[in-house]
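In this chain, numbering begins with 1 at the start of the sequence shown. Being a predicted model, the structure only gives us computed values, none of them experimental. Just so you know, ligand 1 is whichever comes first in the structure, and atom 1 is the first atom listed for that ligand.
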Amino acid sequence: MYVPPMVVTNDDLAKLVDTSDEWITERTGIRQRRFSQGAPTWVLGREAALQAIENAGIEAGEIDMIIACSVTSDYCTPSLACMLQREIGAESAACWDMNAACSGFIFALDAAYRYLATGGASTILIVCSEVLSRITDFEDRSTCVLFGDGAGAVVVKKDEGRLFESCVRSQGKSGGALFARSGKFTSPFVKKEEIEKYDLFRENPGCHLVMEGREVYRFAVAAMPEMINNVCEKAGIPCGDLDWVIPHQANIRIIKTAAERLHIGMEKMVINLDRYGNTSCASIPMCLDELNRSGRLKRGARIALAGFGAGLTCGAIVLEW
Ligand code: COA
């Protein structure tokens with residue numbers, strides 16, 4: 001994982017909008033987050049990728065696929081994955097981006113698993129990197145307190161560890177609950193009104209992230225336990241036998257509700273949102289890295305990963321470390 005050095009506390013945000021450390025901590029569990037001081041998404045991604053390669057003990061030249069996930073890519077094209085390839089010198093890799101918002105890591109690992117299973121690739125680098133502060137509206141107290149910047153990366157190889165089951169789902173009809181525009185369409189050949197009539201979310205103009213917090217909350221508290229149950233059931237692993245659960249880090253209340261519904265103790269739920277906020281698709285690989293580096297992740301451990309996010313999307317994976 002990699003996070004930019006600048007720490008922004010709840011008190012710092014209370015100087016910008018009408019909020020307080022007490023409100024943010026109680027309603028979300030977040031105490032601080034990191035914000036980029038100008039380093040773009042590819043830089044955060046590169047730092048995480050280089051560490052993942054080192055930890056895996058491989059050479060960049062062995063990587064035959066890079067899957068990059070982000071909702072804050074620096075360029076429409078080239079892809080973030082191609083930018084990373086150039087930076088790390090993974091010259092044999094086929095590179096592509098995937099956008100499943102905060103569920104990105106789950107979707108990417110699901111795809112990587114399928115490439116490995118069919119022999120389409122043998123060493124895959126997944127990089128999740130976000131600079132959410134570039135799409136955050138720092139005048140909107142209901143969203144600006146939630147997000148942070150960060151990156152996480154993993155190397156996955158065939159025959160090391162084991163993925164038991166994965167499940168990914170989408171609910172596009174609820175897309176308006178959480179969205180950010182990629183930039184305005186303008187053309188000297190088309191009237192502004194013609195363009196605007198196709199804007200699905202025209203009641204909320206602007207280029208920042210917009211969210212219906214309660215709708216996303218309802219979706220998340222239902223989706224997370226349902227997805228974990230689903231993959232555990234298919235894998236024949238009782239939820240109680242899991243060593244760790246790594247949930248997407250959006251709100252501690254969502255994580256506690258999921259733990260209660262699954263009858264899993266909070267000591268098995270991996271948490272880092274208190275320190276980093278919601279880092280979108282980077283949150284799960286960042287937790288994984290912290291858990292691994294702390295020495296608590298033993299070979300053979302059974303882990304469930306679960307994510308949800310814009311789209312709306314959700315998914316879960318149960319694997320053996
Ligand atoms: N500081 C102080 N007050 C705030 C605030 C803030 N930062 N943000 C909102 N409020 C206020 C609201 O204006 C509202 O005031 P009102 O009752 O006078 O209208 C009140 O707090 C309650 O707002 P509500 O939206 O009902 O709060 P909540 O308990 O649902 O918490 C979220 C809001 C956003 C924390 C919560 O809905 C959430 O976590 N949703 C899911 C978001 C998420 O996971 N997004 C990412 C998906 S990947």
task = Name the option, out of F219, W23, Y217, that contains the heavy atom nearest to atom 10 (N) of ligand 1.
result = W23
message = Between K192 and E196, does any NZ, NE, NH1 or NH2 come within less than 4.0 Å of an OD or OE carboxylate oxygen?
response = yes
Identify all side-chain donor-acceptor contacts of residues 308-321 below 3.5 Å with residues at least two apart in sequence or on another chain.
from : atom 1 : to   : atom 2 : distance (Å)
T313 : OG1    : A100 : O      : 3.2
T313 : OG1    : S103 : OG     : 2.8
T313 : OG1    : A310 : O      : 3.0

task = Answer yes when R134 and D74 have at least one side-chain N-carboxylate O distance shorter than 4.0 Å, and no when they do not.
result = yes
request  = Please work out which of G307, C314, G213 has its closest non-hydrogen atom nearest to atom 40 (N) of ligand 1.
outcome  = G213
remark   = Atoms of ligand 1 under 4.0 Å from any heavy atom of V145, numbered from 1 in the order shown, are 7 (N)
query = Side-chain contact, heavy-atom cut-off 4.5 Å: V270 with V245?
reply = no
message = Could you identify the single nearest non-hydrogen protein atom to atom 44 (O) of ligand 1 and state the distance to 0.1 Å?
response = A250 CB, 3.3 Å
remark   = If you compare L209, N251, V221, T19 by their heavy atoms, the one closest to atom 39 (O) of ligand 1 turns out to be N251
request  = Would you mind running through ligand 1 and noting each atom that sits below 4.0 Å from a heavy atom of G309?
outcome  = 48 (S)
request  = Please check if a non-hydrogen protein atom sits closer than 4.0 Å to atom 19 (O) of ligand 1.
outcome  = no
inquiry  = Looking at E62 and E59, would you say the former's side chain and the latter's main chain have a donor-acceptor pair under 3.5 Å?
reply    = yes
task = Verify the contact flag for atom 16 (P) of ligand 1, where contact means a protein heavy atom under 4.0 Å away.
result = no
inquiry  = By the side chain to side chain donor-acceptor pair (under 3.5 Å) test, which pairs, at least two apart or in different chains, include something from residues 220-229?
reply    = R169-E226
task = Report yes if the side chains of M269 and I271 come closer than 4.5 Å at any heavy-atom pair, otherwise no.
result = yes
query = Which protein heavy atom lies closest to atom 48 (S) of ligand 1, and at what distance to 0.1 Å?
reply = C102 SG, 3.1 Å
note = Filtering R27, E26, Q249 for the heavy atom nearest atom 28 (P) of ligand 1 leaves R27
key: Enumerated ligand 1 atoms positioned under 4.0 Å from heavy atoms of T28   = 35 (C)
Test salt bridge (charged side-chain N to carboxylate O under 4.0 Å, His left out) applied to K15 and D18, D11, D12, the passing residue = D12
request  = Considering only non-hydrogen protein atoms, determine which one is nearest to atom 46 (C) of ligand 1 and report residue, atom name and distance to 0.1 Å.
outcome  = N278 ND2, 3.4 Å
task = Would you tell me which option among E215, H248, R141 has the nearest heavy-atom contact to atom 12 (C) of ligand 1?
result = R141
message = Looking at non-hydrogen atoms alone, which of M211, R253, R214, E22 comes nearest to atom 26 (O) of ligand 1?
response = R214
remark   = Counting heavy atoms under 4.0 Å, the part of L178 that contacts ligand 1 is side chain
ask   = Are the side chains of I303 and I246 in touch, meaning some heavy atoms are under 4.5 Å apart?
value = yes
request  = Can you sort out which atoms of ligand 1 are near S142, meaning under 4.0 Å from one of its heavy atoms?
outcome  = 8 (N)
query = Do E290 and R293 sit within salt-bridge range, that is, some charged N less than 4.0 Å from a carboxylate O?
reply = no
Best match, I30, I24, V216, L146: closest heavy atom to atom 43 (C) of ligand 1 = V216
request  = Compute whether any side-chain donor of one residue and acceptor of the other, for S133 and D149, lie under 3.5 angstrom apart.
outcome  = yes
